[in-house]
Amino acid sequence: MTATDHDAAVPPASRTIRTFHPRRGRMSGRQTDALDRLWPTYGLDVPDGPVDLAELFGRRAPVVLEIGSGMGDSTATMAAADPDRDYLAVEVHTPGIANLLDLVDRGGLRNVRVALGDALDLVRGLPEGVLDAVHIFFPDPWPKARHHKRRIIQPAHVALLRSRLAPGGTLHCATDWAEYAEAMRQTLDADPELVDAYGGFAPRPAHRPVTKFERRAITAGRPVADLIYRRG
């Protein structure tokens with residue numbers, strides 16, 4: 001599938017409130033090559049219907065859902081260090097998808113799949129209780145008050161995500177936007193089936209790699225907050 005094909009596959013605007021900006025961009029030759037070669041094996045357009053994770057990965061193993069994988073560095077690093085779990089990354093930025101596919105190829109990773117499209121649509125196609133973890137690292141904070149309805153961490157979305165977690169599964173969020181961090185904490189605390197693993201903001205977990213984005217945030221004086229909740 002070519003880059004043009006992927007851009008065309010981004011879902012058209014609808015009445016559904018989106019939690020993301022569809023993002024396109026230029027790709028390097030390396031990224032274009034990775035997309036063309038590897039998408040048929042490791043790629044998935046978010047379907048309008050059920051998703052069979054065992055069929056997608058070719059095995060039955062705990063699955064981590066990465067919502068908004070960016071350029072894929074964190075996903076590739078965590079998947080390489082965690083071969084007994086499968087990682088399903090969802091992104092809307094075509095160059096980021098291509099870059100992750102290249103990292104998967106260069107790292108010889110077989111426990112990563114990459115989906116293009118709306119993560120919430122993908123989650124709706126999953127059976128309940130099927131995920132071991134959901135990671136939402138540095139989602140768009142939608143800072144203007146009139147845009148808060150677009151934030152991914154809000155009660156209805158959290159209830160949906162939690163329903164797909166297995167008992168004991170974790171929902172791990174991270175943000176460098178202080179106001180959003182507090183709003184996230186209040187929303188997650190209000191969910192009746194989620195338990196705060198740390199009784200507040202979590203210490204920075206060693207398994208979450210430091211990205212260029214996070215380094216820039218820290219340099220700019222924006223501390224990063226982690227929130228880790230478990231399904232009871």
Side-chain angles (χ1 to χ4, degrees), residues 6-27 46 65-75 89-97 99-100 114-124 134-164 170-192 194 196 198 200-202 204-205 208-229:
H6 280 281
D7 288 344
V10 175
S14 69
R15 294 183 180 179
T16 302
I17 294 174
R18 282 183 167 177
T19 61
F20 62 91
H21 284 299
R23 299 175 62 203
R24 302 172 178 85
R26 291 184 178 276
M27 293 192 294
V46 171
L65 177 64
E66 293 274 328
I67 295 180
S69 52
M71 296 305 288
D73 303 88
S74 290
T75 302
V90 190
E91 181 54 64
V92 295
H93 185 218
T94 308
I97 289 171
N99 196 68
L100 177 52
V114 188
L116 170 67
D118 189 328
L120 294 175
D121 285 344
L122 176 65
V123 172
R124 292 182 186 102
V134 176
H135 293 168
I136 306 176
F137 298 155
F138 305 101
D140 193 328
W142 294 101
K144 294 181 180 179
R146 68 177 183 272
H147 292 155
H148 285 183
K149 62 188 177 183
R150 297 183 181 275
R151 289 176 168 178
I152 191 166
I153 299 301
Q154 53 182 287
H157 299 163
V158 169
L160 173 65
L161 294 168
R162 178 253 300 152
S163 72
R164 269 51 177 180
T170 59
L171 174 57
H172 180 183
C173 305
T175 182
D176 64 325
W177 197 265
E179 182 273 332
Y180 194 16
E182 184 58 34
M184 282 182 176
R185 188 178 67 82
Q186 293 177 9
T187 300
L188 295 169
D189 280 346
D191 188 278
L194 290 177
D196 187 343
Y198 289 90
F201 294 112
R204 192 192 188 290
R208 182 173 67 74
V210 179
T211 64
K212 292 180 181 178
F213 179 88
E214 184 173 358
R215 291 191 188 98
R216 287 198 298 268
I218 294 171
T219 299
R222 300 191 306 273
V224 172
D226 283 86
L227 289 157
I228 301 176
Y229 285 68

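Quantities reported herein were computed from a predicted structural model and do not represent experimental measurements.
Here R204 pairs with R208, V210, E214, D226 under the side chain to side chain contact (heavy atoms under 4.5 Å, CB included) rule; sequence neighbours left out. For Y198, the ring-ring contact (aromatic ring centres under 6.0 Å, His included) test picks out no residue, with sequence neighbours left out. Not a single ring-ring contact (aromatic ring centres under 6.0 Å, His included) links H148 to another residue, sequence neighbours left out. Residues meeting the salt bridge (charged side-chain N to carboxylate O under 4.0 Å, His left out) test with D189, sequence neighbours left out: R185. The salt bridge (charged side-chain N to carboxylate O under 4.0 Å, His left out) test applied to D176 returns R222, not counting sequence neighbours. When the side chain to side chain contact (heavy atoms under 4.5 Å, CB included) test is applied to P141, the partners found at least two apart in sequence or on another chain are P143, W177, Y180.
Between L161 and the choices L194, D191, I67, the side-chain contact (heavy atoms from CB on, under 4.5 Å) rule is met once, by I67. Between I152 and the options V158, D140, I136, a side-chain contact (heavy atoms from CB on, under 4.5 Å) holds for only I136.
Between S163 and L160, the shortest heavy-atom contact is OG-O, 2.6 Å. Heavy-atom minimum distance, V46 versus G117: CG2-CA, 3.6 Å. The shortest heavy-atom contact between P223 and G221 is CD-O, 3.2 Å. Closest approach of I97 and A115 over heavy atoms only: CD1-O, 4.1 Å. Nearest heavy-atom pair across S69 and A89 is OG-CB, 3.6 Å.
Here the CG atom belonging to N99 is positioned 11.0 Å from the OG1 atom belonging to T75, to the nearest 0.5 angstrom. The distance from the CG atom of L227 to the CG atom of D196 is 7.0 Å, given to the nearest 0.5 Å. For the atom pair CH2 (W142) and NZ (K149), the distance works out to 10.5 Å, reported to the nearest 0.5 Å. Atom NE2 of residue H157 and atom CZ of residue R162 lie 14.0 Å apart, to the nearest 0.5 angstrom. The CD1 atom of I153 lies 5.5 Å from the CG atom of L171; values are rounded to the nearest 0.5 Å. For the atom pair M71 CE and E91 CD, the distance stands at 9.0 Å (nearest 0.5 Å).
In this structure, the side chains of D121 and R124 come closer than 4.5 Å at one or more pairs of heavy atoms. The shortest distance between side-chain heavy atoms of H135 and S74 does not fall below 4.5 Å. R164 has its side chain out of reach of V134: every pair of non-hydrogen atoms, C-beta onward, lies at least 4.5 Å apart.
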